[in-house]
Each structure stands twice: as structure tokens, then as C-alpha cells.
Amino acid sequence: MTGAPGRFSPDEVEPRWIEAWERSGALRADPNSGRETYTIAIPPPNVTGSLHLGHALNNTIQDVLIRYHRMAGKEVMWICGTDHAGIATQAQVEKKLAAEGQDRREMGRDAFLDEVWAWKDLHGSNILGQLRRMGFTLDYSRERFTMDAPYAAAVVRVFVDLYEKGHIYRDNYMVNWDPGLGSAISDLEDEEREVTDTMVSIAYPLTDGSGELVVATVRPETMLGDTAVAVNPNDERYAALVGKTCTLPLVGREIPIIADEYVELDFGTGALKVTPAHDPNDFEIGRRHDLPVIGVIGEDGLMTAEAGEAYVGLTPDQCKKRVLADLRELSLVRDEKDYLHTVPFSQRSGVRVEPLISLQWFCDMTALAAPAIAAVENGDVKFTPPHWGGVYLRWMNEIRPWCVSRQLWWGHQLPVWYRGEEIYVGSEAPAGDGWERDPDVLDTWFSSALWPFATLGWPEKTAELKAFYPTQTLSTARDIIFLWVARMVMMGIEYMGEVPFSDVYIHSVIQAPDGRRMSKSLGTGIDPLELIAEHGADGLRFGMLLMSSQQDVRFSPEKVKQGRQLVTKLWNATRLVAGRGGKVGAATAPTPATLGDRWMASRVTEAVAECDALLARFEFSKLADALYHLVFDDFCDWYLELLKADEATPEVAGDLLEQILALAHPVMPFITEECWSVLGGEGLLLTHPPARAGAIDADAAAQVVAVQEAVVAMRAFRTDLGIPPRERLAVRVVTENDVKLPTAALGSLAGVDLVEAGGSDGELRVIPISFGRLEVFRAAEEIDVEAERARITREIGRVEDELKRSEGMLANEKFVGRAPAELVAAEREKIARFAAELAALKEQL
RNA sequence: GGGCGGUUAGCUCAGUUGGUUAGAGCACCUGCUUUACACGCAGGGGGCCGACAGUUCGAGUCUGUCACCGCCCACCA
């Protein structure tokens with residue numbers, strides 16, 4: 001045994017079992033076993049990342065499912081691996097280089113990529129080590145990485161294929177440009193922040209000298225790229241101006257005044273300056289009216305030569321000030337006021353997103369989306385909780401082209417070559433001289449989208465692919481439903497002809513205890529490794545499950561502590577059972593003979609059914625709660641007390657504990673494995689058959705419930721009257737309605753001596769119970785009259801309240817007339833019982 | 001602006017198809033060195049279930065309105 005008496009040291013015990021599980025070979029999936037398979041593909045963590053609470057929760061959920069199905073005899077495969085995480089990883093390495101005074105542009109692409117690979121080799125095993133420490137039984141022997149050669153080949157193949165099918169194309173389009181990163185980012189990678197800008201009204205003189213048109217803008221610097229002014233076609237104020245031109249101040253360009261429905265009549269001045277190069281809406285207006293596109297902000301985030309000599313090279317902010325000063329000098333500023341609005345910032349670099357027109361590669365998603373929409377509508381893919389299916393469908397039904405190119409170096413370089421105006425897309429460089437490969441790489445999510453089948457060897461027809469695709473369950477947080485889940489469904493259907501998973505479980509997001517998001521940068525992060533050090537991996541796993549929910553929850557360390565306490569409890573229960581000769585691994589289940597054994601066996605049966613049902617519905621917090629109460633309340637508080645009183649047998653106790661350990665193993669693999677071995681278990685609980693469900697023994701259950709009620713009533717009686725727990729009391733049991741009260745059990749659990757009628761000395765006190773009464777005989781001098789009066793008075797008050805409530809209900813004619821008859825009858829019965837109790841109580845006063 | 005989720009004990013959360021007496025853990029109070037466990041055992045206090053209105057014999061549960069919190073989508077310059 002390990003640790004001080006009553007304690008259990010996870011730090012000493014847990015690492016041993018991790019080794020044993022891996023050594024056993026049970027984590028390696030066998031595609032040829034012929035057994036029914038159960039597969040989960042892990043959401044691949046960032047290769048250089050480290051474990052956070054999101055991983056702890058999500059992977060605990062997956063490990064519970066994996067272990068549960070493994071014990072159930074399935075061939076399980078938990079696909080293991082990591083993601084190259086283009087932007088995040090590149091940023092980490094660039095930061096490190098910057099600290100050393102280096103810059104990737106100076107060192108060149110090849111040297112930089114060498115650095116990233118070196119970084120990956122150094123930090124790449126970190127997170128997998130941490131996942132191991134949590135006890136997660138991934139198939140580590142088949143670890144995959146999204147940049148491994150075979151995986152990369154699959155990525156290229158898909159890109160080329162989508163290009164050949166006409167879904168992938170190159171286009172000038174407005175993208176979210178991240179000037180900090182120097183790359184386009186997808187519209188899923190920005191976030192809104194509130195900003196107070198100045199809304200400026202600027203007068204644009206009409207070219208014919210007949211007046212001016214005042215436009216309102218928060219970005220005066222972009223006026224340098226204006227190619228029109230738009231008004232609403234129904235705006236009577238400006239109707240006469242449509243078709244005329246005005247002269248763009250500072251630039252002198254003559255630009256048309258056009259009518260477009262997009263312009264709001266009642267916002268600003270009702271006249272909108274149109275800058276197709278720098279605003280998504282203006283870009284659309286420009287396309288509709290065939291306006292020229294003049295880019296005045298470059299990909300470096302600075303003003304271009306197109307902005308004019310006076311402004312080139314300035315930042316947009318500097319330019320804004322200069323433009324405003326120049327306009328004021330010309331007396332063209334008509335109004336300035338503060339304006340609070342939200343604008344997009346890059347989640348990646350934190351810099352304000354600059355909408356720019358840029359030549360990028362896109363993937364049209366409409367064709368791919370159609371079957372993926374159907375798959376959710378017809379239930380091939382089922383979301384839990386279900387409303388996320390609706391969220392998925394709303395997004396899919398309005399899906400937009402996906403900008404798949406990123407101006408990064410770390411990632412899958414586009415399989416695209418250029419020679420002059422020629423474009424070649426293929427897995428190898430085309431023949432001939434002068435071809436240059438596109439330097440851009442693919443959005444990381446492009447490769448992630450292939451995860452469920454590329455990890456299994458696709459496009460080769462591997463045994464693994466045949467055995468383990470499609471997978472069964474995908475567990476993830478909601479923030480990547482669009483980025484990842486939807487795209488996996490689309491790609492899975494396109495390339496495998498089948499959805500990649502049948503269930504998507506969306507778990508809650510764990511917030512910081514104060515309700516803010518958990519993040520390192522906010523300082524609200526909590527390190528799972530510290531929690532493991534303090535409470536063990538089992539405690540953390542249990543705590544995370546208890547916190548898991550359908551809604552977001554705040555992290556509460558008490559839940560982890562609760563898990564730790566359950567670990568300790570199991571450990572101590574095991575010591576007791578082992579100390580009395582209980583063992584596991586009986587060839588045939590011992591027959592429960594005593595009442596205690598029969599009852600507990602029945603309870604275990606119920607618990608097994610309950611846990612099966614909860615797992616099938618992904619109700620993990622209820623699963624953890626059910627295990628907790630099974631162990632604490634039923635097994636320890638009642639059953640082991642019955643065992644001590646010889647109302648249960650060690651043989652059965654060992655067997656029932658075995659079932660409980662098997663039931664709890666998916667949740668708390670370490671402690672259950674340890675207890676199992678202490679109790680003489682052969683082999684590993686890891687591959688043990690699941691907890692056995694026997695029969696429900698209603699008779700035993702009824703008797704134990706009766707004992708429990710009587711024991712609790714006795715204990716309360718003692719407490720109220722200040723009778724020490726050790727003082728034996730003489731009690732006579734009187735039951736009604738043929739209820740059999742197992743008196744031996746009652747005597748030992750309540751610490752009383754049972755006596756027969758009339759034979760006892762002392763004063764009689766009556767404790768009412770639902771099926772009769774307990775009569776307590778005590779010597780007059782031992783009775784604390786004050787305490788007794790207080791107790792009885794309190795009881796009378798309680799019963800009177802009940803009586804009043806019941807009578808009130810029955811006095812209501814409508815209730816009696818319309819409520820179901822059995823409810824009314826039940827209420828009448830209650831009245832009779834309360835009245836009898838009340839009378840008995842009053843007699844004692 | 002649209003959509004989704006939430007608001008239950010001091011704290012973190014459960015509450016099945018509406019049934020009248022709303023649960024758990026932690027925290028709190030009172031006992032207890034009961035021979036597995038003080039990371040324990042026993043007993044106990046604590047809630048007008050966000051507000052208002054409605055449906056119903058009966059509402060934490062159903063309907064509507066409102067308030068506040070969170071998230072997603074769209075992004076009126």
C-alpha cells in the first residue's frame with residue numbers, strides 16, 4: 001500500500017499506471033481484429049502548445065468514452081497527433097528570433113523553416129507528455145502531425161483536386177488584412193473591439209461649381225482613394241445631383257455621384273464616399289457600378305504612392321491627421337464629432353484589421369456545403385446539445401468563399417507555380433524553365449479539415465482507414481464549429497463519401513472563477529499541471545467532468561477537490577474491504593446472501609444502467625455525480641457499515657467493489673487501477689469487462705430504505721436530545737402494513753438494543769416513522785425535559801404546516817374536481833397520516 | 001441590427017413529460033480521536049427559483065413583455 005494511512009499519493013502512484021497501460025499494448029488499435037470499432041480523432045493540439053484546462057476537459061471527455069468502449073470489448077482507436085498551427089507557431093518562433101535580434105526576412109525562408117522545425121522538435125513532445133500525465137489512452141504509436149510527409153501529400157492532393165473540380169480559384173478580393181502579421185486572415189480570425197473614432201463631415205465641391213456635397217466618414221485618410229460618392233436613389237435631397245460629378249479635394253480627381261440602395265437615408269449626411277479598395281461595402285458598390293479601384297494603403301499598412309506625394313509612407317493614423325489639417329486649411333471640414341463603434345481587430349496580432357484588395361486563393365464552398373447540410377438535417381451527424389446543429393446550419397446555408405492562402409512561411413506551401421501569366425496547379429513543379437512557386441501557404445484549417453481520414457493514411461487504402469473511418473464521436477468546444485467541424489464534414493463527404501463522425505459533442509467553455517475568459521494574457525489562466533500536482537490527475541479529471549455542462553461554467557477548484565476526496569474515499573474503502581479479506585476477480589459472482597449484499601448488488605445494477613444511459617447522452621457531470629454518490633452514500637455510508645456489522649459479507653463486498661471500480665474506471669482510471677491491484681486483480685482494469693449488471697432486488701431495496709429511515713430518525717432523536725452516540729438505547733419497533741424491518745441491521749447501525757413489547761423499564765418515547773414507530777425506553781432521570789419539549793414543539797410545528805397545506809388543497813373544490821384522482825387520494829392519505837402523527841406528538845407534551 | 005444561451009441557497013451548478021414539501025458539492029453551525037477514511041462520520045441552518053403579466057385546479061418548469069449577463073452572426077460610412 002502507498003502513502004500514509006488514509007491517504008493516497010497520486011504523484012507516486014499515477015505515473016506507474018501510465019507506463020503499465022502503454023506497455024500492455026492495449027492502446028494500439030488493431031485494424032484487423034474484426035471487432036466492432038469505436039474511434040475518436042483528437043482535436044489536434046498545437047504542436048508547441050501546452051496543456052490548458054480546455055484540453056483537460058475535452059480530452060477527459062474523450063478518454064471516458066474511449067475507456068468505456070474499450071472495456072465494452074470494442075476495438076478502440078483514439079487518433080493521436082498534433083497540428084502545425086501555422087500562424088501561432090510561426091509567431092512563437094519569430095518572437096524568439098526577435099529576442100535574439102534576428103528577423104525571418106533577413107535569414108530567408110529555408111533557414112527560417114529550419115528554425116521552426118528545430119523549435120517543433122524541442123517543444124513538440126511537450127503537450128503529448130502532458131496528455132499522457134492526464135492518463136489519456138491515445139494510440140500514441142500512431143502519432144500524426146499535420147506537416148508529416150504523408151499528411152502533406154494528402155493536403156496537396158486535395159488542393160489540386162478541388163482546383164481541378166473548379167472549386168479553387170484565384171481572385172482579387174477584399175480580404176481582412178492583418179498589417180501586424182503581413183497576411184490575409186479569414187473572417188473567422190478577427191474580433192470586434194469598441195473604438196471611439198471621430199466622424200468627420202467633409203465637403204466635396206461639385207465639379208460644375210454649383211455647390212458641394214457633404215459626406216461623413218470616420219476614415220478621412222481613405223478619401224484619397226475615393227472613386228465615387230453614393231446617395232440613396234430615393235433621397236430627394238440629392239436626386240438632382242445623381243449623374244453629376246464632384247471634385248475630390250486634395251486629389252483633384254473628378255468622381256461621379258451615383259445612386260445605390262446600400263446608402264442609408266438617415267445616417268450621416270446621406271452621402272457616402274466610396275473607396276472600393278478599402279471598405280468591404282464600398283468594394284461591392286464599386287463592383288456594381290464598375291468603379292475604378294485605387295489602393296492608397298499597402299500591404300505593409302502604410303500609405304502608398306497612389307495616396308499622393310504628400311502622404312506616401314505615412315501610417316493611416318498620421319495620414320488622417322495630415323488630411324484633416326489640409327482639409328481645414330481649405331475650409332472643407334463641416335462637422336466633427338465623436339463616434340463610438342466596433343471595428344475588427346486581428347485575433348492573431350491584435351492589430352486593427354485593414355480591409356484591402358488583394359490577390360488570393362479562394363475555395364468556393366457552395367458545392368461542398370450542400371451534402372454537409374443534408375448530413376446534419378437528416379441526422380447522419382448529430383449535435384449534442386442539439387441547438388448547435390442549428391448554428392451550424394445557419395452558417396452553412398450562407399457559406400461564403402473561403403480565403404485559403406496565407407502569407408506565411410510555416411505551413412503547406414501552395415502547390416501552385418507561375419510563369420508570366422501562366423498558372424500551374426499540381427503536386428510537382430511543371431516541366432520547363434522559369435516556373436516560380438507561389439510563396440504562400442494554406443490556412444492551417446485546410447489541413448485540419450482532412451484530419452479524420454488523412455491521419456488514417458488516406459489517400460492510400462490502408463487497413464486503418466477501412467477499419468476506423470468513419471469515426472464515432474467528435475468532442476470539441478463551440479468556437480471551432482465553423483473553422484473545423486463544418487469543414488471536416490464537407491471534406492469527409494467529398495473524399496470519403498461518408499461523414500467523418502456521427503456525433504458531435506459540444507462541451508462547455510470553462511471560464512475564469514470571476515466569469516472572464518480564461519486566458520494567459522488576461523492572467524486568468526489556471527495551470528492544469530498545478531492542479532494535478534495538488535490533487536492528482538484523477539481528481540482533475542473528475543472535477544472537470546463535474547464542471548462540464550451544456551452552458552459555460554466558471555471554474556471552481558472545489559470540484560477538483562471533490563474528485564480528490566472521492567479518490568481518497570475509494571482508497572480507504574478498498575483498504576477496509578481488503579482488510580476483511582475481500583477480493584476481486586472471482587470466477588463466478590458470489591451469491592448475495594445477506595440483506596446488505598442483496599441491496600448493494602441491486603444498487604450497483606441500477607448505477608450501471610444509469611451510467612450507461614448518461615454516457616449515451618453525453619451527460620458527463622451527472623455521470624461524475626452519480627459515481628460520487630454511489631461510492632460515498634450507498635457503498636461507504638451504508639453498505640460498508642453493514643459489512644462492519646456483519647450484515648454483509650467480504651466475498652460479496654469484494655465483488656461489488658470490483659464492479660464499482662470498473663464502473664468508475666473511465667472517469668478515474670488511476671485510483672481504480674490501483675485499488676483493483678490491491679484487491680488482487682489480475683491484469684489491468686483498463687481491459688477489464690465492464691461493470692456487471694445483475695438483477696434489481698426490490699424487496700431488499702425496500703427493506704434497506706426502511707432501515708435507513710429508522711436509523712436517520714434515531715440519529716436525529718439522539719442529536720436533538722443530546723444523547724451521546726455511544727450510549728445504547730433500548731428500542732422497540734412497531735410496524736404497520738406488514739412492513740418487515742430487519743432489526744439486526746437497525747440495531748447495529750443506530751446503536752440501539754432492540755427489545756420486545758412491554759418488558760422494558762423506563763419512560764416511553766415515540767419516534768414516528770412512515771411505516772410505524774420506534775419506541776424508546778429511557779430512565780426518567782436521564783431525560784432532558786427542556787430539550788425534549790423543544791424537539792416535540794418543533795415537530796408539531798412541522799406537521800401542522802404540512803397538515804394545513806394538505807387541507808388547503810383539499811378545500812379547493814377545483815383541485816378536487818379537476819386534478820387526477822390518485823393525486824387527490826394521495827393528499828387524503830397524507831392528511832390521515834399527519835393527523836395521527838400530530839396526535840401522537842401532542843400526547844408526549 | 002439579427003440569432004442563440006443564461007439569470008435557482010453565500011459560491012459553483014442540477015432540476016426529467018407543470019403536481020403543490022426545489023436538490024448536490026463547497027462554505028456555514030452543532031456534535032463525534034465510532035477499530036477504512038478528520039481529504040472523515042452524524043445532525044442542522046440557509047432559497048417570494050431575475051421582474052411583470054398570462055394559461056392552469058396547480059408554474060422553477062408552459063406563453064408573452066421587460067431587465068441584466070454571455071456568446072455567435074451581420075458589420076450604417
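The model shown is predicted, which means the values in this text are computed figures rather than measured ones. Chain A is the first sequence line, chain B the second, and so forth, proteins listed ahead of strands; every chain is numbered from 1.
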Inset, instruction - Nearest-nucleotide wise, let me know which of A:F815 and A:F555 is further upstream toward the 5' end of RNA chain B. - result: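 Taking each residue's closest nucleotide, the earlier one in sequence belongs to A:F555.
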Inset, instruction - Could you check A:A573 against A:F834 and say which one's nearest nucleotide on RNA chain B is further toward the 5' end? - result: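 Nearer the 5' end of the strand: A:F834.
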Which whole number of Å gives the distance between the [atom1] atom of [N] and that of [M]?
N	M	atom1	result
B:U56	B:G18	C1'	9 Å
B:A59	B:C49	C1'	11 Å
B:G46	B:C29	C1'	11 Å
B:C13	B:G54	P	33 Å
B:A77	B:G6	P	32 Å
B:U63	B:C26	P	35 Å

Tell me whether the side-chain N/O atoms of [X] come closer than 4.0 Å to OP1 or OP2 in [N].
X	N	answer
A:R554	B:G70	no
A:R564	B:C39	no
A:H535	B:C39	no
A:K561	B:A27	yes
A:Y339	B:A77	yes
A:K644	B:A36	yes

[X] [atom1] to [N] [atom2]: how many Å, rounded?
X	N	atom1	atom2	answer
A:R575	B:U35	CZ	C1'	12 Å
A:I480	B:C72	CD1	P	13 Å
A:Q511	B:C71	CD	P	8 Å
A:D633	B:G23	CG	P	15 Å
A:D282	B:C76	CG	P	11 Å
A:Y628	B:C13	OH	P	18 Å
A:R580	B:C37	CZ	P	11 Å
A:M547	B:C13	CE	P	10 Å

Within the 3.5 Å criterion, strictly below it, is a donor on [X] or [Y] matched to an acceptor on the partner's side chain?
X	Y	answer
A:E336	A:T198	no
A:K273	A:T275	yes
A:H341	A:D197	yes
A:S770	A:E709	yes
A:Y238	A:N232	no

What contact category does [X] fall into here, base, sugar-phosphate, or nothing, at under 4.0 angstrom with non-hydrogen atoms?
X	answer
A:R478	sugar-phosphate
A:E827	nothing
A:L640	base
A:R617	nothing
A:P820	base

For [Y], is there any backbone N or O sitting under 3.5 Å from a side-chain donor or acceptor partner on [X]?
X	Y	value
A:R219	A:H278	no
A:R728	A:V752	yes
A:H629	A:D634	no
A:S508	A:S549	yes
A:R791	A:A787	no
A:D235	A:L265	no

Inset, instruction - For A:R798, enumerate each residue passing the side chain to side chain donor-acceptor pair (under 3.5 Å) test, keeping only those at least two apart in sequence or located in another chain. - result: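 Per chain and number, A:R798 pairs via side chain to side chain donor-acceptor pair (under 3.5 Å) with A:E795.
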Legend entry - Selection: residues 385-394 of chain A, any non-hydrogen atom under 4.0 Å of RNA chain B: A:H387, A:R394
Out of [options], which has the shortest distance to the side chain of [X]?
X	options	result
A:E264	B:C37, B:A77, B:C76	B:C76
A:A216	B:A77, B:A36, B:C26	B:A77
A:T568	B:C39, B:A74, B:C76	B:C39
A:Q562	B:A77, B:G25, B:U20	B:G25

Report all side-chain donor-acceptor pairs from residues 531-540 of chain A shorter than 3.5 Å, counting only partners two or more places apart or in another chain.
{"unit_1": "A:D538", "atom_1": "OD1", "unit_2": "A:F670", "atom_2": "N", "d": "3.2"}
{"unit_1": "A:D538", "atom_1": "OD2", "unit_2": "A:F670", "atom_2": "N", "d": "3.3"}
{"unit_1": "A:D538", "atom_1": "OD2", "unit_2": "A:I671", "atom_2": "N", "d": "2.6"}

Legend entry - Pair A:K804 + A:E807: basic N to acidic O under 4.0 Å: no
Inset, instruction - May I ask you to say whether A:K561 pairs ionically with A:E558, meaning some side-chain N is under 4.0 Å from a carboxylate O? - result: no
For nucleotides 40-47 of chain B, which of its nitrogen or oxygen atoms have a protein nitrogen or oxygen under 3.5 Å away, and what is each distance?
{"unit_1": "B:G40", "atom_1": "OP1", "unit_2": "A:Q565", "atom_2": "NE2", "d": "3.4"}
{"unit_1": "B:G40", "atom_1": "O3'", "unit_2": "A:K569", "atom_2": "NZ", "d": "2.9"}
{"unit_1": "B:C41", "atom_1": "OP1", "unit_2": "A:K569", "atom_2": "NZ", "d": "3.0"}
{"unit_1": "B:C41", "atom_1": "OP1", "unit_2": "A:D637", "atom_2": "OD1", "d": "3.4"}
{"unit_1": "B:A42", "atom_1": "OP1", "unit_2": "A:D637", "atom_2": "OD2", "d": "3.4"}

Inset, instruction - Check RNA chain B for consecutive Watson-Crick or G-U pairs with both distances under 3.5 Å and list the runs of at least three as stems. - result: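 Stem segments, range with range: B:1-7 with B:67-73, B:10-13 with B:23-26, B:28-32 with B:40-44, B:50-54 with B:62-66.
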Inset, instruction - Would you please classify the geometry between the A:F542 ring and the A:Y628 ring as parallel, tilted or perpendicular, with 30° and 60° separating the classes? - result: tilted
Legend entry - A:W395 six-ring face occupied by A:R400 cation (under 6.0 Å, within 45°): no
Between the protein and nucleotides 14-17 of chain B, list the N/O to N/O atom pairs that are separated by less than 3.5 angstrom.
{"unit_1": "B:A14", "atom_1": "OP1", "unit_2": "A:S549", "atom_2": "OG", "d": "2.3"}
{"unit_1": "B:G15", "atom_1": "OP1", "unit_2": "A:K622", "atom_2": "NZ", "d": "2.9"}

